[in-house]
J.: 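Please see the structure below; I have some questions.
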Amino acid sequence: FGQMGAMFDWSKKVVTCDPEYYRWNQWFFIRMFERGLAYRKESFVNWDPVDQTVLANEQVVNGRGERSGALIERRLMPQWHFKITDYADELLDFSGLDWPERVKVMQTNWIGRSEGAEVTFHSEPGDPITVFTTRPDTLWGATFMVLAPEHPLVDELTTPERRAEVEAYVDRASRMSELDRQAEGKEKTGAFIGAYAVNPVNDARIPIWIADYVLMGYGTGAIMGVPAHDERDFDFARRFGLDVVPVIQPEGAPLDGAAMTEAYTGDGVMANSGPFDGTPSGKEGNAEGIRAVTHWLEERGIGTGKVTYRLRDWLISRQRYWGTPIPMLYCERCGIQPEKDENLPVVLPDDVAFMPTGESPLKTHAAFLEATCPSCGGPATRETDTMDTFMDSSWYWFRYLSPHRDDAPFDRALVERWTPVDTYTGGIEHAILHLLYARFFTKVLRDLELVDIDEPFLRLRNQGMILGEDNEKMSKSRGNVVNPDALVAEYGADAVRTYLMFIGPWDQGAPWSYQGIEGVTRFLGRVWSVVLDPAEADGRADDTSLRDLRRAVHTATRAVTEDFEAFQFNTAVAELMTLQNAMAKAKNRALTQTDAWREAQRTLLLLLAPIAPHLAEELWERIGQGGSVHLQPWPEYDPDALVQDTITMAVQVNGKVRGQIQVPPDADKDAVLESARSEPNVARYLDAGTVQREIVVPGKLVSFVVR
RNA sequence: GCCGGGAUGGCGGAAUCGGUAGACGCAGCAGACUUAAAAUCUGCAGCCCGCAAGGGCAUGCGGGUUCGAGUCCCGCUCCCGGCACCA
């Protein structure tokens, strides 16, 4: 970065593995624990066998650990979580944020809000089994139930004659990795547990199955099977010979359960549904059917309206040594206790013995483990899990403002002055990890009354990726990697910077081109000569040339300013090239002794400075300007300088351009039409028929309709 | 499968409140300078027909609206990215 001319204020540096920083991770953790936002719970978690730690859902990609790439296993373990689900609805609200659509969509999908109802069935022995459904209007079509293999009722409900098969299935499911489960794809597997349930709306006796397509971590871990109107349930029913009973009939040919080849998920009219027969219903346009059934279920105490999210609480524990120690203690008498604030930071010991098993060395470090219960003063054992490193990045921008304060995580006044962050740039890979956690954490800090803002980053932009010259992602194996250090050594930082801005739209990226950077290098060379080389003027300074120069300068000032604000750096560079070309022309007209020329020189350098800082600074000094170019006010454009003596308007006949006219910018409609009609080529076409309509778009064109 | 974003000259890309498509640059061609080359400078340049004037065709494909469509509407194709049995 240094070589590229980037500048940093190192006095604001933060080091997240320094106790000076992570003590505040611990302090926040304790505040969250006090509010019930941090809690310890035994649940099925993602276990990375290579890194020997659990991972958050957000850190599992296609069934593999985000860092290690190892196949993730499911384990039942007690772990610390942050209650991000409490904020699910608020996190779905992006109003006031100027963020890329795709990031908002990704977060929305990740949170996965579903409206529906919970409905309670009962097994024949009497246990209530609650299911979640988004289609309560299809309840009458439920012909079976499916529990997740891990569902707590499986063991109790399984009949003796089915036990062997069921246990084998549960065992197999528990051993399979997430990826293996997914690899089985649409081919459904499952086992009948021998028990039956009663459908509360029509008293139908329906078999209870287990299958791994039902996930313990979503909804209630149990579903009603409505094969006629759900694709997955349909596949399952066909595979195991279960009944298919349509209860939503589309317009036209009625469905026949025995003959259906796929589930019908569209809208229709309820049938076979007791009091609701004939009610229009479906997900698309007829949600009132769903609402009516939900209301009916609530009146009868069978079910309730319910919103379910895909989002799970943020699993914050890690079994790694490197990380912020979770500041909690286990006391035999008092249970789980937070460490006292005055004992923070709980420091990571540096005299640990790493084990060949990969297990965290904290687990066997006696001095670390031994602690005193803050409640009773008796002996306690310290928590050995550390925090996910995304904790560090969830609030660092607040800390930047006052990185060394030791009495508070940050300076409140500075936070109010500087946050939220106006513009945040970064890679799309943070779309649902860092950016979701950071939003959550900001809202938590707000609720802890530590900050006054709801969102951390107002405007977000994702940069595109520079590809290899072969238009493929750069990689060592492809041999298409372009090394920035070598480029800076060969072309200089300014040329590399300018080309990276010019290569294409900043948020889109583009393939690298050595010929392209040569072109930009030539441009910077021309900037040097146009500013410094003595003029070889053979022309004479005239008013028109002078006005042309001033117009070029002020047009560029406006365009570059607007482009910068819109992150359109490629067109900003193009505007600077246009200005340089205009200046080269002016130079040949002997304008170099004029004020307009000196303004042009200054403006070119001021506009170029953010892109090619070294060149701009050097030239700024050489033309005798005082101070640094980077400390000057940004130039403003003069609207009067943009006005032209004459403008060119296109003339169309029946939609085709047949000529151009030069008119004063303030010419009235009749004058413009007169000029257009007298253009010889236009006249030819007008004479061929009768003019039906005359359209004048001021400053743009004239259009004749001729029949 | 669902969701999001794209498709414009030989190449990277401009132009989207509908108003002269191809700014700027790369590559290319011609010329100047040079003994020559490089560098630099000047000019030309979407494709087709034409000496020219000019005309025709053109923004992934097929329709539509409009005086006028890269831009709006309907129906497709392909490419990139995300999610993926979430009930």
Side-chain angles (χ1 to χ4, degrees), chain A residues 61-63 100-110 112-114 116 131-135 138 146 148 181-182 184-188 211-215 217-226 229-233 235-236 308-312 428-429 431-432 465 471 499 502-505 507-520 522-523 525-526 529 536 559 568 570-581 584 588 648-660 680-681 684 691-707:
Chain A
V61 179
N62 290 328
E101 189 62 26
R102 62 174 167 165
V103 175
K104 293 193 280 186
V105 167
M106 274 192 235
Q107 290 203 356
T108 302
N109 291 344
W110 184 261
R113 183 179 202 273
S114 287
V131 302
F132 173 73
T133 176
T134 57
R135 292 296 301 272
T138 64
V146 187
R181 268 195 180 194
Q182 287 166 17
E184 300 217 333
K186 300 285 174 240
E187 192 60 29
K188 295 283 182 290
D212 64 7
Y213 81 92
V214 175
L215 310 172
Y218 182 79
T220 61
I223 63 158
M224 61 175 189
V226 184
H229 305 296
D230 182 277
E231 285 169 38
R232 297 149 301 184
D233 296 347
D235 292 345
F236 192 77
T308 296
Y309 301 91
R310 211 186 85 111
L311 182 71
R312 321 278 167 84
I428 185 68
E429 69 273 15
I432 42 183
M465 199 190 296
N471 208 10
Y499 185 52
F502 185 60
I503 192 167
D507 55 358
Q508 211 171 290
W512 177 259
S513 159
Y514 280 99
Q515 288 182 335
I517 195 171
E518 295 279 357
V520 158
R522 284 200 287 267
F523 160 65
R526 285 195 294 267
S529 357
E536 300 169 29
Q568 285 161 0
N570 57 330
T571 51
V573 175
E575 290 297 337
L576 290 169
M577 289 172 167
T578 304
L579 176 58
Q580 187 280 133
N581 287 335
N588 289 332
T648 304
M649 291 178 72
V651 184
Q652 296 185 341
V653 181
N654 291 340
K656 286 195 184 292
V657 179
R658 297 301 183 185
Q660 295 183 338
N681 198 47
R684 247 177 67 203
V691 176
Q692 308 278 318
R693 273 180 76 183
E694 296 169 333
I695 298 153
V696 177
V697 183
K700 299 274 189 185
L701 55 65
V702 180
S703 184
F704 293 106
V705 183
V706 174
R707 287 280 177 273

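Letters A, B, ... mirror the listed sequences (proteins, then strands); counts begin at 1. For the numbers below, each heavy atom of this structure counts, side chains included, while hydrogens, waters and symmetry mates do not.
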J.: Starting from C1' on B:C3, measure out to CZ on A:R310 and report it in whole angstrom.
T.: 12 Å
J.: What integer distance in Å separates A:Q508:CD from B:C79:C1'?
T.: 13 Å
J.: Do any N or O atoms of the protein come closer than 3.5 Å to N or O atoms of nucleotides 67-70 of chain B, and which pairs are they?
T.:
residue, atom, partner, partner atom, Å
B:C67, OP1, A:R693, NH1, 2.9
B:C67, O2, A:S703, OG, 2.8

J.: Measure the distance from NZ on A:K104 to P on B:G82 and round it to the nearest whole Å.
T.: 20 Å
J.: Using a cut-off of less than 4.0 Å, is there contact between a side-chain N or O of A:R684 and OP1 or OP2 of B:A53?
T.: no
J.: Look at A:R658 and B:G56 and indicate whether a side-chain polar atom (N or O) is within less than 4.0 Å of OP1 or OP2.
T.: yes
J.: Show the distances under 3.5 angstrom between N or O atoms of the protein and N or O atoms of nucleotides 23-29 of chain B.
T.:
residue, atom, partner, partner atom, Å
B:G25, OP1, A:N581, ND2, 3.2
B:C26, OP1, A:R522, NE, 3.3
B:C26, OP1, A:R522, NH2, 2.8
B:C26, O2', A:Q515, OE1, 3.2
B:A27, OP2, A:R522, NH2, 3.1

J.: My understanding is that a pair needs two contacts under 3.5 Å, Watson-Crick or G-U wobble. By that rule, which nucleotide pairs with B:C41?
T.: B:G31
J.: Go ahead and name the base partner of B:G70; Watson-Crick or wobble counts if both distances stay under 3.5 Å, otherwise write none.
T.: none
J.: Write down the distance between CG (A:D230) and C1' (B:C85), rounded to a whole number of angstrom.
T.: 9 Å
J.: Taking only side-chain N and O atoms of A:N109, does any of them lie within less than 4.0 angstrom of OP1 or OP2 on B:A84?
T.: no
J.: Contact class for A:S114 (heavy atom, under 4.0 Å): base, sugar-phosphate, or nothing?
T.: sugar-phosphate
J.: Could you give the distance from CG (A:D507) to CD (A:Q568), rounded to the nearest 0.5 Å?
T.: 8.5 Å
J.: Pick base, sugar-phosphate or nothing for A:P100, based on heavy-atom distances below 4.0 Å to the nucleic acid.
T.: nothing
J.: Once you round it to whole Å, what is the distance between C1' of B:U20 and NZ of A:K700?
T.: 10 Å
J.: If I take atom CG in residue A:L311 and atom P in nucleotide B:C83, what distance separates them, rounded to the nearest angstrom?
T.: 15 Å
J.: Please report the distance, rounded to the nearest Å, between CG in A:L215 and P in B:A87.
T.: 10 Å
J.: Identify the nucleotide, in any strand shown, that forms a Watson-Crick or G-U wobble pair with B:G81, with both distances under 3.5 Å; if there is none, say none.
T.: B:C3
J.: Which part of the nucleic acid, if any, lies within contact of A:V697, taking any heavy atom under 4.0 Å across all strands shown: a base, the sugar-phosphate backbone alone, or nothing?
T.: base
J.: Separation of A:E101 atom CD from B:G6 atom P, in whole Å?
T.: 11 Å
J.: Syn or anti for B:G75, with syn set at within 90° of 0?
T.: anti
J.: Looking at B:G60, which nucleotide sits across from it as a Watson-Crick or G-U wobble partner, both distances under 3.5 angstrom, or is there none?
T.: B:C76
